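Quantities reported herein were computed from a predicted structural model and do not represent experimental measurements.
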Amino acid sequence: MKTKIKKTLTLCFITLLLFTVSCSEEDGQPGTNCLLRRIVYDQTGSLLLETVSGGKIYQMKEQFKEGGKYKTLVTYGFKYPLNQVAIDDLSDDTTVPLILVYLENDRLVKVEKYFSDSGVTLTHVITYDGAVIRDELNWEAKSGDKLKYGYADYFLDDSGNVVNYKQFNYDIEDQSIITQTEDIAFEYDDSESPWDGLYFPFFANIGMVDIKFFSKNNIVNIYNKVSSQRYDYQYNQNGLPTMLSVSGSSNEVEFEYINCGD
């Protein structure tokens, strides 16, 4: 039997891409372009986006706060070949990009994630069929052995939000067996999402892409067959989320912006 590719892989925080929020226009005056500067994901940890003119990211830093000051744990560099985005761990001397994004007509079609310690490559193949986006996830070991993880369908509404998500996983022992594991519905606010266009944390995970990656607005309600969950937000004067809190938990995420004309 072929060597199995383990489902559990170690991966630290990775990948952020360009993100510019177009703020609203008032009294006929053009709106400013707010740039996402930092995501604070707990009391000490955050992600810092360093951009060049126009908002394109050239570095992302994973940082933690100690004694009131941020210290950098990992720095990732971004390169932009034609129809690609290459993200490198600047502390790793491997010649293979940590993450390689493939684009067609500025639309995501494939993402390859390489683990230098194990030689495993995870590949997301993204296809589009009307209002349905499909993410197919496969693993390949350096030995050449391959394993199909599964696929997920993302059903979009007219506003460009994923309102229904269905996931199907292949059996590791018998790849002819596939089982539906998720069927989730979502509702949204009317504000632009700070997650829109970000490759971190969505392609940092081992599994399918989080639905927030494909949605233009912010989730307020999540429903599945047995439970529901609500997300609450605080907004700045431009109508952009500055704080996300999850009902029934102490989890909070903060978003900091620059260039908003505040």
Side-chain angles (χ1 to χ4, degrees), residues 5-9 11 14-17 19 83-85 87 99-114 120-140 146-231 244 246:
I5 304 174
K6 295 182 179 180
K7 288 185 70 173
T8 304
L9 298 171
L11 184 62
I14 50 178
T15 69
L16 278 165
L17 261 186
F19 178 62
N83 295 322
Q84 293 182 348
V85 180
I87 301 106
I99 287 189
L100 186 58
V101 177
Y102 296 84
L103 305 169
E104 288 184 5
N105 298 320
D106 295 324
R107 189 163 68 171
L108 176 69
V109 293
K110 186 167 73 170
V111 177
E112 293 176 345
K113 242 181 338 192
Y114 179 70
V120 171
T121 299
L122 272 65
T123 302
H124 294 265
V125 177
I126 311 296
T127 55
Y128 304 84
D129 184 8
V132 181
I133 301 173
R134 174 167 290 187
D135 174 23
E136 296 186 52
L137 181 60
N138 302 296
W139 303 340
E140 183 173 357
K146 297 180 181 180
L147 184 68
K148 294 188 292 184
Y149 178 89
Y151 66 89
D153 289 332
Y154 305 76
F155 297 84
L156 304 178
D157 65 8
D158 292 339
S159 298
N161 294 311
V162 178
V163 291
N164 185 224
Y165 170 85
K166 296 182 179 183
Q167 181 175 325
F168 303 82
N169 289 353
Y170 289 99
D171 186 272
I172 293 178
E173 300 293 341
D174 184 350
Q175 293 271 274
S176 67
I177 299 175
I178 189 165
T179 304
Q180 183 171 350
T181 58
E182 299 286 358
D183 187 351
I184 309 173
F186 303 88
E187 294 176 345
Y188 295 81
D189 67 4
D190 295 324
S191 177
E192 294 181 65
S193 170
W195 302 110
D196 184 24
L198 294 184
Y199 281 81
F200 176 85
F202 307 121
F203 289 99
N205 298 324
I206 302 301
M208 301 298 177
V209 184
D210 190 293
I211 69 100
K212 292 190 289 293
F213 178 80
F214 293 118
S215 296
K216 299 300 182 184
N217 301 117
N218 301 287
I219 296 171
V220 293
N221 288 302
I222 303 176
Y223 305 99
N224 60 30
K225 293 181 179 179
V226 297
S227 65
S228 64
Q229 190 169 56
R230 179 170 178 81
Y231 289 3
L244 160 65
V246 182

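- The only option from T127, D129, D153 that meets the side-chain hydrogen bond (donor to acceptor under 3.5 Å, both in side chains) definition with R134 turns out to be D153.
- In this structure, a donor-acceptor pair under 3.5 Å is absent between the side chains of Y188 and S159.
- Under a cut-off of 6.0 angstrom, the local environment of CD in Q84 is crowded, with over 12 non-hydrogen atoms contributed by other residues, nucleotides or ligands.
- In terms of modelled atom types and a separation under 3.5 Å, the side chain of T123 and the main chain of N138 share no donor-acceptor contact.
- Of the listed residues (V162, V132, N164), just one forms a side-chain contact (heavy atoms from CB on, under 4.5 Å) with L156, and that residue is V162.
- For the pair V226 and N224, the tightest heavy-atom approach, listed with the atom from each and the gap, is N-OD1, 3.0 Å.
- Side-chain N or O atoms of Q180 include one that pairs as donor or acceptor with a backbone N or O of E182 at under 3.5 Å.
- L122 is not listed as a side-chain neighbour of Y149, based on a closest heavy-atom distance of 4.5 Å or more.
- Rounded to the nearest 0.5 Å, atoms NZ (K113) and CG (L137) are 7.0 Å apart.
- Using a 3.5 Å distance cut-off with no hydrogens or angles, the side chains of Y165 and Q167 do pair a donor with an acceptor.
- A distance of 12.0 Å separates CD in E136 from NE2 in H124, rounded to the nearest 0.5 Å.
- The backbone N or O of K148 sits less than 3.5 Å from a side-chain atom of Q175, completing a donor-acceptor pair.
- Within 6.0 Å of the CG atom in D174, the count of heavy atoms belonging to other residues, nucleotides or ligands exceeds 12.
- Atom CG of D189 is separated from atom CD1 of I219 by 10.0 Å, given to the nearest 0.5 angstrom.
- Closest approach of Y151 and I178 over heavy atoms only: CE2-CD1, 3.3 Å.
- The minimum heavy-atom distance between G150 and M208, with the atom names listed, is C-CE, 3.0 Å.
- Exactly one residue among F186, F155, W195 makes a side-chain contact (heavy atoms from CB on, under 4.5 Å) with I211. That residue is F186.
- With rounding to the nearest 0.5 Å, the separation of CD1 in I126 from CZ in F213 is 7.5 Å.
- Of the possible polar contacts, one joining the D210 side chain to the K212 backbone as a donor-acceptor pair under 3.5 Å is found.
- In this structure, D171 and T179 have side chains that are not in contact, with every pair of non-hydrogen atoms separated by 4.5 Å or more.
- Residue S228 holds its OG atom at 12.0 Å from CD1 of I184, rounded to the nearest 0.5 Å.
- Although no hydrogens or angles enter the test, the distance criterion places no donor-acceptor pair under 3.5 Å between the side chain of N161 and the main chain of S215.
- A donor-acceptor pair is defined here as one N or O able to donate and one able to accept, closer than 3.5 Å; such a pair exists between the side chain of N217 and the backbone of S191.
- Atom OG1 of residue T181 and atom NZ of residue K166 lie 12.5 Å apart, to the nearest 0.5 angstrom.
- Remark: side-chain polar atoms of N218 are not paired, donor with acceptor, to backbone N or O of D190 under 3.5 angstrom.
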